[in-house]
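To keep things clear, I will list the structure first and then write my remarks on it.
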Amino acid sequence: MELPETPSDWILAFNQQSSSIIQNVRDIGALIRMEAFSFDRMEVRLLDASETSVGTITNAGAALRRENIDWFLALSGNGEGVGLPGGFSLSLETVDEAQGFTGRVDIEDWAFSELIDLAGLSAFEQAESMSFTTSLSLVSRADTGLQEVGLTLTSENDQSFALFNDELQISDIDIDLTYLPEEDSLIIQSLDLQSNLLSGEFEGQITNALTPNELHAMDLSSDSFVADFTPYFPQAWSFQDGQVLATISDDFQVFAIERASMIYGPLRFSAMGELDLDVTSQDGEFPFALDVSAEAVGETSKETVLSFWPETLGDGGRRFVRDRLETGTLTGATAVLSLKPDSRAQGFLRDEDLNVNFSFREGRVRFLTDMPPVENAVGTGRLTGNSFRADVSSATYDDWTISQGRFDFPELNPRGKDFIVTAEGRGPAVSILRQLSNSRVRLQENTGFDPERVSGVATASLRFQRRSTGQVPFEDTQLQVSATIEDAGLENVLQKL
């Protein structure tokens with residue numbers, strides 16, 4: 001006789017036999033008069049067909065008692081060999097005058113490989129090295145078959161196992177599940193997970209849980225959890241109030257996220273998309289395909305932005321935001337991410353792989369260390385797979401008013417590409433000339449022109465260009481300034497500049 005191969009096959013086989021089992025219990029109850037029977041501290045030796053010992057059950061015990069038509073049976077022991085668990089106990093009780101029964105099995109120190117082979121859970125065969133303590137309970141009736149199955153599972157040893165092409169390394173897991181066969185619904189009362197990518201406590205439900213060749217619908221939530229994608233991102237993220245609604249392919253390789261929401265500090269994220277693990281990838285490529293659109297509602301700081309900015313995405317642009325953007329409030333971010341296995345074939349993302357748009361206000365940016373910062377900046381920003389740009393609609397610079405400006409990183413990679421700053425503004429002419437004299441430009445020293453001789457209000461445009469690698473000699477920096485001054489002329493000064 002062949003054992004069932006899948007969970008669905010086990011349930012079908014159980015329902016086919018349960019009504020006859022219950023009837024046999026009734027028939028036995030009508031034939032015998034025994035009320036109770038028990039034994040304990042026995043040793044049971046298991047032999048194969050050649051009478052070779054293949055396993056032993058020590059401290060074996062059993063109890064059988066009868067109340068009217070209903071029966072109660074209990075078995076327990078410690079196993080060794082032939083895939084036996086370190087310890088087990090079983091109880092079975094008929095109810096409602098043998099119209100149904102409830103059962104429970106508790107197992108300690110059992111290799112997960114035995115459960116995988118027994119239940120046909122081939123998708124989790126990489127978990128064979130772990131050992132678990134588990135409890136299985138069930139409720140069945142003669143007329144309807146299996147009504148409810150409960151399962152708890154707790155990892156016991158220090159070993160971890162991998163899932164999803166070795167991307168998810170699980171070190172500790174504690175599960176409490178209830179399966180309702182009539183609804184084909186798996187209720188996740190609790191899932192306590194510790195892994196390299198995701199850790200936290202979750203609860204939820206999966207419908208179409210065991211129906212073959214059907215999509216599984218998942219509703220999962222968590223009060224708090226941690227997602228960790230370091231070292232690609234600079235730090236792990238702690239989220240609160242998370243919920244995911246998704247459909248999952250029959251082979252658990254494709255996850256279509258209908259809606260995901262979570263809170264990170266002052267931000268509420270919402271997203272939708274698809275994760276496909278059934279892809280062909282080469283060494284060094286992403287082992288998945290991911291398409292996600294997301295939105296962040298709320299206000300946040302540059303520190304939060306940098307925590308979600310990949311370490312390997314645009315080192316120059318990332319360094320500029322970290323070192324030069326001194327303060328600022330960012331709002332209204334949206335993102336579209338489309339990663340394919342070959343998205344970083346050149347060592348960095350392509351522009352079409354990522355598109356992030358956001359707004360900012362109260363920005364304070366210091367483009368050069370020896371000149372005043374741009375303050376009170378208001379505008380928008382855009383980050384793509386290999387470029388970064390911030391457009392300023394208004395700002396102040398010392399006692400000047402900036403009417404428009406742009407910080408542009410046309411290419412974040414390869415490292416060392418130029419970035420460009422442009423701006424237009426209006427203010428006292430003496431102010432900007434004084435700053436140019438006091439900076440590395442050394443206007444008065446190089447031209448002999450005294451800025452203090454100038455009066456009037458200037459309207460000026462500026463273009464600044466240099467490499468994005470660390471300290472750059474000023475002679476390798478391109479600086480262009482053109483201006484007009486009301487009631488004054490600066491033509492000779494600009495020529496020498």
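Computed from heavy atoms alone, side chains included, the values below leave out hydrogens, waters and symmetry copies.
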So how far is it from [X] [atom1] to [Y] [atom2], rounded to the nearest 0.5 Å?
| X | Y | atom1 | atom2 | answer |
| --- | --- | --- | --- | --- |
| E203 | Q243 | CD | CD | 10.0 Å |
| T384 | L412 | OG1 | CG | 6.5 Å |
| I206 | M218 | CD1 | CE | 6.5 Å |
| I402 | S393 | CD1 | OG | 12.0 Å |

With K417 via salt bridge (charged side-chain N to carboxylate O under 4.0 Å, His left out) - residues at least two apart: E411
Sequence-distant partners of T396, side chain to side chain donor-acceptor pair (under 3.5 Å), two or more places apart: N376
Cationic N near anionic O, under 4.0 Å, [X] to [Y]:
| X | Y | value |
| --- | --- | --- |
| E285 | K340 | no |
| E326 | R366 | yes |
| D450 | R453 | no |
| D219 | R259 | no |

E183-T207 side chain donor-acceptor pair, cut-off 3.5 Å: no
Polar contact flag, side-chain donor to acceptor under 3.5 angstrom, Q189-T178: yes
Cation-pi check, R389 onto F409 ring (under 6.0 Å, within 45° of axis): no
From CA spacing to verdict: salt bridge (Lys or Arg N to Asp or Glu O under 4.0 Å), K302, D323: CA-CA 10 Å; K302 76 167 186 179; D323 299 337; over 6 Å; no
Worked verdict on E303 versus R322 for salt bridge (Lys or Arg N to Asp or Glu O under 4.0 Å): CA-CA 8 Å; E303 287 74 22; R322 183 193 65 203; over 6 Å; no
Near-ring test F233/F308, centroid separation under 6.0 angstrom: no
Parallel, tilted or perpendicular, as decided by the 30° and 60° cut-offs, for the rings of F358 and F360: tilted
Trace of the salt bridge (Lys or Arg N to Asp or Glu O under 4.0 Å) decision for R268 with E295: CA-CA 8 Å; R268 172 169 284 278; E295 179 182 13; over 6 Å; no
Exam field: side chain N196 to backbone Q169, donor-acceptor pair closer than 3.5 Å: yes
Neighbour count >12 (heavy atoms, 6.0 Å) for atom CG, D223: no
